[in-house]
Every structure is written in structure tokens, then in C-alpha cells.
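In what follows, residues are counted from 1 in the order of the sequence shown. No hydrogens, no waters, no symmetry mates; every other heavy atom, side chains included, goes into these values.
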Amino acid sequence: MKTKIQRSAIGLTLTMVCAVSPALAQPVGPPGFSTFDLNGDGILTEQEFGEARANRIKERSQQGYPMRNLATAPPFTAFDLNSDGGVTPEEFAAGQAQHRQQRMQTR
């Protein structure tokens, strides 16, 4: 038979786990990856990439951001480094870094 102290300790532990668990469910990948990974499976498909990019352009346009450099935005294939049809968080980060570097060289 459990004592009141044991029940209290179990209840406190469960409360702490429930309170902390949402913090543990952080998005996977580099900044921006989770906004592109629409189904949250950790891999971007070309369809997710296109849909997320269109959503982002629409949102920023509605917020009044200037829509510059859309013609030079990298395609899905620039991120899918191993050409397997899916972009991992690592590939996404590498693609972002490469695009940033290219932008800096053209300025």
C-alpha cells in the first residue's frame, strides 16, 4: 500500500513530465526547416518545399515585405544534395549556407 508521500511524489513527477514534454518536442532541423516540413516527418518533399515557399511568399507579401530576388531563389534540387527526392535537415542547412554565400558574392 502506497503512502501519501509516495503518491504525492508520483503525482509531482507526472506533473513535471507533462509540463516539460512540450518543450522537448522542439522542431527538428535548422531555422526555417520546420516551416517547410509541413507534415513534420523530418524530410522535405518537393511538393512540401513548393507549397511552403508559396505560403511564405504570400504571407510576406501581405505583410508588406518587398518581393525581391524571387527569380533567383534556389530550386528544390539545390537543397536535395543527394538527389533522392527528399531534403534532410542537414541538406536544408547546407543549401541555406550555399545560397547565403552565393548572395554575398553577387553583392
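- The minimum heavy-atom distance linking E91 with N82 is given by the pair OE2-OD1, 3.0 Å.
- Taking Ile, Leu, Val, Met, Phe, Trp and Tyr as hydrophobic and joining them when side-chain heavy atoms fall under 4.5 Å apart, one finds L81 isolated, its cluster having no other members.
- The line from CD of E48 to CG of N39 is 4.0 Å long, rounded to the nearest 0.5 Å.
- In this structure, the side-chain contact (heavy atoms from CB on, under 4.5 Å) partners of A78, at least two apart in sequence or on a different chain, are P74, P75.
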task = In sequence, state the C-alpha distance, the side-chain angles, and the governing distance for I43 and T88, and then conclude on side-chain contact (heavy atoms from CB on, under 4.5 Å).
result = CA-CA 5 Å; I43 301 289; T88 64; 3.8 Å; yes

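- N55 contributes no side-chain N or O that, together with a main-chain N or O of E59, makes up a donor-acceptor pair within less than 3.5 Å.
- Shown here are the side-chain hydrogen bond (donor to acceptor under 3.5 Å, both in side chains) partners of E51, two or more places apart in sequence or in another chain: there are none.
- Proximity of a side-chain donor or acceptor of D80 to a complementary backbone N or O of D84 within less than 3.5 Å is detected.
- Partners of Q63 under the side-chain contact (heavy atoms from CB on, under 4.5 Å) rule, at least two apart in sequence or in another chain, are R60, Y65.
- Minimum heavy-atom separation, T72 to H99: O-CE1, 3.8 Å.
- Taking Ile, Leu, Val, Met, Phe, Trp and Tyr as hydrophobic and joining them when side-chain heavy atoms fall under 4.5 Å apart, one finds L38 isolated, its cluster having no other members.
- F49 pairs by the ring-ring contact (aromatic ring centres under 6.0 Å, His included) definition with F36, F76, F79, not counting sequence neighbours.
- The two residues G42 and P89 make their nearest non-hydrogen contact at O-CD, 3.4 Å.
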